Amino acid sequence: MFENLSYLALQQYWWIIISLLAAILVFLMFVQGGQTLIYTLGKTEMERKIIINALGRKWEFTFTTLVTFGGAFFASFPLFYATSFGGAYWVWMLILFCFIIQAIAYEFRSKPNNFLGSRTYETFLFVNGLLGTILIGTAVATFFTGSEFSINDMNQSTWKNSFRGLELAFDFTNYNTFINLSLGLAVFFLSRTMALLYFINTVAHGNIIERARKQLVREAIPFVVFFLFFVGNLLLMKGFAVDPETKIVSMESYKYLHNLLEMPWLFALFAIGVILVLLGIYRTITCFEVCHDKGIWATGFGIIFTVFSLFLMAGFNHTAFYPSTFDLQSSLTIENASSSQYTLTAMSYVSLLVPFVIAYIWWAWKAINNKKITESEMNEEGHSY
Amino acid sequence: MENIDLGLVDWSRAQFALTAMYHWVFVPLTLGLAFIVAIMESIYVKTGKEEWKKITLFWMKLFGINFAIGVATGIILEFEFGTNWSNYSWFVGDIFGAPLAIEGIMAFFLESTFIAVMFFGWNKVSKKFHLLSSWLVAFGANLSALWILVANAWMQNPVGMRFNPDTARNEMENFWEVLLSPTAVNKFLHTVTSGYVLAALFVLGVSAWFLLKKREQLFAKRSMVVAATFGLFSTLFLVVTGDESARHIATIQPMKFAAMEALYDGQNNAPLVAIGILELPQDPEHPNPREFAYKIEIPNMLSYMAFLSPRAFVPGINDLINGNPEKEIISYYEKIRRGKLAIQALKNYKSAQKSGDAALEEESLKIFETHYPYFGYGYYDNPDKLIPNVPISFYSFRIMVILGVHFGILFMVILYFLYKRKLEKMKWLLWVSILTVPLAYIASEAGWVLAEVGRQPWVIQDLMPTLSAVSKIDQTSVQITFWLFAAIFTTLLIAEIKIMLTQIKKGPNEGGH
């Protein structure tokens with residue numbers, strides 16, 4: 001069946017899969033957000049234990065999605081993998097360090113004789129939540145603002161800035177840095193917002209829920225501010241357009257706004273996404289008496305739609321998804337950065353497993369979360385962090 | 001490519017080796033212990049005896065501690081292909097990326113989803129479903145290993161692809177050839193069974209400690225029955241696949257084979273050096289030693305091992321470098337010449353394309369395709385640079401094999417004394433079991449050292465030398481990340497060992513934590 005698709009259709013199909021994985025990843029980063037709220041919401045040892053255990057059952061999903069996102073990006077758009085990871089070395093290394101310390105923190109935190117002490121492992125979780133979200137958000141913003149690299153006729157890439165990617169977050173002489181960071185911070189506050197919605201949905205503990213509801217406004221407002229700043233800039237800025245015939249890349253005013261207008265279905269998806277995000281937050285904030293605890297689902301699906309459409313905005317409609325500000329013609333598009341038609345076809349068959357994977361994850365999630373997490377469960381015999 | 005900094009290549013290699021070797025401290029135990037735990041839980045579900053649940057929970061807890069840190073090191077390896085080997089990522093990403101992606105989609109999700117059920121599902125799902133989850137974790141972990149080992153095997157024996165001069169990369173032509181290449185199948189079977197053996201030795205060593213302490217004797221002996229049986233079968237399989245693997249190397253990577261035998265001059269009826277000590281090299285120009293200070297040989301064995309015939313000719317390092325027309329071996333000098341022709345032809349092809357010279361384009365392409373199998377050799381002038389480190393290859397092979405024999409014997413002896421019900425009295429044997437645990441790790445790492453050091457200087461056999469695969473980063477950055485990784489991995493390893501030992505001392509009768 002995939003053999004009958006054109007090369008371009010396969011490239012688009014894989015860009016859709018990458019976008020979907022990215023969208024699910026951002027949703028699942030509520031785990032990271034929650035890790036930065038352990039001490040804000042948990043005032044006693046037991047409260048913190050409940051919070052950490054609520055997150056600890058989910059961290060592997062986020063982690064696995066990140067690994068799969070990396071693997072799928074490598075397989076489908078290897079030139080991006082080579083250019084960005086080998087180029088923005090320090091950004092990706094920092095992200096990696098954040099994730100090493102996360103992976104062990106849950107399992108090691110509450111074990112006796114754990115060498116570094118519980119507080120250190122909690123700090124690891126905090127650092128992962130803070131830096132991991134901001135850096136990933138910042139890195140994704142460069143899909144719109146561009147980086148400095150060139151590619152030669154053997155398709156070997158060279159990064160042109162000696163700060164190796166750190167310039168994207170710290171070069172304040174460049175306005176793009178503010179756009180990049182605004183997305184990073186939006187992701188950070190979003191992940192905290194979602195974590196609060198998740199706790200409200202999953203934990204049965206009066207004090208934690210009460211604090212989570214209070215905290216929600218404080219996280220949602222900065223999220224909305226940074227997100228609007230990013231989207232505002234995105235829609236007004238020049239974008240990297242690709243000529244469908246000559247493949248020449250040029251700057252086009254309002255390119256991303258044009259993308260939305262020229263693909264009305266994408267515009268609809270984006271709008272529905274944003275509305276759902278806000279709806280989930282709004283409904284949870286406003287009903288204090290009979291309290292709504294399902295906000296995570298509206299906001300969660302909203303986030304998936306929103307991030308998904310942002311990625312499609314970056315790669316579809318003759319747009320360079322990883323632009324080079326150093327040499328426009330080195331910019332990566334879904335056409336010039338992709339794997340061969342054969343590999344994309346073979347991989348497409350594997351992608352048929354994805355719905356099956358989502359189904360069993362859904363099932364396992366339900367099976368583990370069918371009861372709310374309570375204090376008494378923490379004292380039962382069995383596994384806890 | 002011309003001005004590659006050797007310091008950068010070495011540091012990049014060091015960083016990758018560091019990550020891979022740390023990763024491999026944790027993975028084999030995960031691979032094997034997952035099955036051992038699943039077997040124990042099956043006995044629990046079948047017999048309904050609470051002791052077996054206790055046994056299962058004890059080993060499962062150790063499994064969980066070990067799993068987390070394996071995951072932490074694994075993600076680094078995946079991303080390091082991009083960060084430190086970006087030219088590699090493009091040159092072979094079309095083939096190499098696919099198994100990594102499939103691993104994520106097919107295996108890693110399976111493993112991590114059902115691990116959550118395994119740890120948190122005891123009172124939430126039915127007994128049978130919990131058991132199924134434990135088996136799915138074991139299956140997922142091993143499936144994960146399959147895809148990674150397929151990727152590694154492809155680097156050792158690149159098949160199923162064609163070089164596309166327009167994109168300047170290798171492109172996949174046949175997925176099944178990549179997946180089912182004999183190197184891949186063999187590598188997978190040999191590597192995962194080595195994990196089973198290591199896990200069995202781990203369970204044996206920990207249980208032996210309980211017996212020596214006269215604690216939890218029934219628990220310890222039951223664990224040992226499962227582990228020793230599982231370990232013995234795995235060892236037998238390990239020997240068969242290892243033997244097969246030697247034959248693959250002899251044909252596909254003859255230089256690796258010659259280096260691991262320190263064989264300079266090829267011969268018929270070649271003997272195998274069972275035990276040997278290499279002389280220290282005198283000449284700094286030729287750092288690889290050429291003579292043995294001491295050796296015990298088994299006549300004809302090497303010829304038999306390589307080609308299943310005691311009379312077969314096994315080429316040595318000198319035959320490969322200087323060629324041997326009688327045995328139809330092309331010299332490295334000739335391969336270098338052809339490699340340079342291929343590299344030049346690719347350049348000509350590219351410039352002809354730009355200038356629109358169709359005749360030159362076609363001619364260059366023809367030359368290129370003829371000589372492409374030697375492409376990687378063109379980056380070298382001196383064939384001596386194409387010899388891997390002989391002592392490391394030689395000794396790591398022997399360490400692996402000799403320890404493997406020791407493991408097999410140990411499993412048999414343990415089973416014998418368990419059967420005779422005398423095991424707790426055999427103090428020396430219990431001590432041997434404990435001391436064998438670190439040896440299992442050494443043997444397992446030695447196997448990877450042989451596989452990876454022995455294939456140098458190639459990252460893709462014959463096609464891409466390691467030095468042209470590297471990302472062009474300043475050396476200082478790589479040095480900094482190397483030391484950061486070294487510090488963090490070492491700290492985490494210490495933490496894991498301390499936690500493990502504490503959990504072991506607590507024993508199976510203290511639930512929760």
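These numbers come from the heavy atoms of this one structure, side chains and all, not from hydrogens, waters or symmetry mates. If you're wondering where the values come from, they're calculated on a predicted model, not measured in any experiment. In what follows, chains are A, B, ... by sequence order, proteins preceding strands, each numbered from 1.
- A 6.0 Å sphere centred on CZ of B:F139 holds no more than 12 heavy atoms belonging to other residues, nucleotides or ligands.
- The ring of B:F120 has its center closer than 6.0 angstrom to the ring center of A:Y385.
- Proximity to chain B is limited to the side chain of A:W363, based on heavy atoms less than 4.5 angstrom apart.
- When heavy atoms are compared at a cutoff of 4.5 Å, B:L501 does not approach chain A at all.
- Using a 4.5 Å cut-off between heavy atoms, B:I488 touches chain A through its side chain atoms alone.
- Side chain of B:E78 to main chain of A:G71: a donor-acceptor pair is present (N/O by atom type, distance under 3.5 Å, no hydrogens or angles).
- Proximity to chain A (any heavy atom under 4.5 Å) is restricted, for B:T502, to the side chain, taken from C-beta onward.
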Derivation of the side-chain contact (heavy atoms from CB on, under 4.5 Å) call for A:F97 and B:I76:
CA-CA 9 Å; A:F97 281 114; B:I76 309 301; over 6 Å; no

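- Side-chain contact between A:L96 and B:T481 is absent, with no heavy atoms from C-beta onward closer than 4.5 Å.
- Proximity to chain A (any heavy atom under 4.5 Å) is shown, for B:L484, by both the backbone and the side chain.
- The shortest non-hydrogen separation linking A:T68 to B:F109 is OG1-CE1, 3.3 Å.
- Chain A forms more heavy-atom pairs under 4.5 Å with one residue of B:G121, B:A168, B:S112 than with any other, namely B:S112.
- Interface residue B:F485: backbone and side-chain heavy atoms are both found under 4.5 Å from chain A.
- A:E377 has a carboxylate O that lies under 4.0 Å from a charged side-chain N of B:K124, or vice versa, which qualifies the two as a salt bridge.
- When heavy atoms are compared at a cutoff of 4.5 Å, B:V117 approaches chain A by way of both its backbone and its side chain.
- Across all their heavy atoms, B:K354 and A:D153 have their closest contact at NZ-OD2, 3.4 Å.
- Heavy-atom pairs under 4.5 Å with chain A peak, among B:G74, B:A495, B:S133, B:S471, at B:A495.
- Using a 4.5 Å cut-off between heavy atoms, A:W365 does not touch chain B at all.
- The structure places CG of A:N114 at 5.0 Å from CD1 of B:I499, a figure rounded to the nearest 0.5 Å.
- Heavy atoms of other residues, nucleotides or ligands lying less than 6.0 angstrom from CZ of A:F163 number 12 at most.
- For A:L66, the parts sitting under 4.5 Å from any heavy atom of chain B are the backbone and the side chain alike.
- In this structure, chain A has heavy atoms under 4.5 Å from both the backbone and the side chain of B:T491.
- Contacts with chain B were tallied for A:T65, A:L344, A:V357, A:L79; A:L79 has the most, counting heavy-atom pairs under 4.5 Å.
- Within the 4.5 angstrom heavy-atom criterion, atoms from both the backbone and the side chain of A:R57 approach chain B.
- Put simply, CD on A:E60 and CZ on B:F114 are 13.0 Å apart, with the number rounded to the nearest 0.5 Å.
- For OH of A:Y349, the number of neighbouring non-hydrogen atoms (other residues, nucleotides, ligands) closer than 6.0 Å is greater than 12.
- For the set B:N84, B:T73, B:V125, the count of heavy-atom pairs under 4.5 angstrom toward chain A peaks at B:N84.
- Residues B:V71 and A:F63 come closest through the heavy atom pair CG1-CE2, 3.0 Å.
- Within 6.0 Å of atom CZ in B:F129, more than 12 heavy atoms from other residues, nucleotides or ligands are found, so the atom counts as buried in its surroundings.
- The candidate from A:S76, A:S338, A:A88 with the greatest count of non-hydrogen atom pairs under 4.5 Å with chain B is A:S338.
- Of the listed residues (A:G86, A:A367, A:G87), the greatest number of heavy-atom pairs within a distance under 4.5 Å of chain B belongs to A:G86.
- With 3.5 Å as the limit, one finds no donor-acceptor pair spanning the side chains of A:Y81 and B:S86.
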Please tabulate, for the side chains in residues 93-108 of chain B, all donor-acceptor contacts under 3.5 angstrom to protein atoms that are two or more places apart in sequence or on a different chain.
from	atom 1	to	atom 2	distance (Å)
B:D94	OD1	A:S339	OG	3.2
B:D94	OD1	A:S340	N	2.6
B:D94	OD1	A:S340	OG	3.2
B:D94	OD1	A:T343	OG1	3.2
B:D94	OD2	A:S340	OG	2.7
B:D94	OD2	A:T343	OG1	2.8
B:D94	OD2	B:M172	N	2.9
B:E103	OE2	B:S144	OG	2.4

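- A:Y342 places no side-chain N or O within 3.5 Å of a backbone atom of B:E171 that could act as its donor or acceptor partner.
- Of all the listed residues (A:L353, A:T158, A:V350), the one sharing the greatest number of non-hydrogen pairs under 4.5 Å with chain B is A:V350.
- In this structure, A:M154 CE and B:W90 CH2 are separated by 13.0 Å, a value rounded to the nearest 0.5 Å.
- Using non-hydrogen atoms only and a strict 4.5 Å limit, the part of residues 115-122 of chain A facing chain B consists of A:F115, A:L116, A:Y121.
- Heavy-atom minimum distance, B:T83 versus A:M93: OG1-CE, 3.5 Å.
- In this structure, B:S89 and A:F74 have side chains that are in contact, with non-hydrogen atoms separated by less than 4.5 Å.
- Of the listed residues B:K350, B:Q353, B:R169, the one with more heavy-atom pairs under 4.5 angstrom with chain A than any other is B:R169.
- Considering CG of B:N66 and CD1 of A:I104, their distance stands at 13.0 Å, rounded to 0.5 Å.
- Contact check for B:F91 versus A:N155: no side-chain heavy atoms found under the 4.5 Å cut-off.
- The NZ atom of A:K371 lies 7.0 Å from the CG atom of B:N123; values are rounded to the nearest 0.5 Å.
- Both the backbone and the side chain of B:K498 come within contact range of chain A, judged by heavy atoms closer than 4.5 Å.
- In this structure, the portions of A:V67 lying under 4.5 Å from any heavy atom of chain B include both its backbone and its side chain.
- There is no contact between A:S162 and chain B, counting heavy-atom distances below 4.5 Å.
- If you measure heavy-atom distances from A:A337 to chain B, the contacts under 4.5 Å come from the backbone alone.
- Residue contact with chain A, scored on non-hydrogen atoms closer than 4.5 Å, is absent for B:N164.
- Contacts of B:E173 with chain A are made by backbone atoms alone, with heavy-atom separations under 4.5 Å and no side-chain atom involved.
- Put simply, CD1 on B:I480 and OH on A:Y89 are 9.5 Å apart, with the number rounded to the nearest 0.5 Å.
- Between B:F79 and A:W92, the ring planes lie parallel to each other; the angle is under 30°, not in the 30° to 60° tilted range.
- Ranked by heavy-atom pairs shorter than 4.5 Å toward chain A, the options B:L346, B:I115, B:N174, B:I497 are led by B:N174.
- Using a 4.5 Å cut-off between heavy atoms, B:V92 makes no contact with chain A at all.
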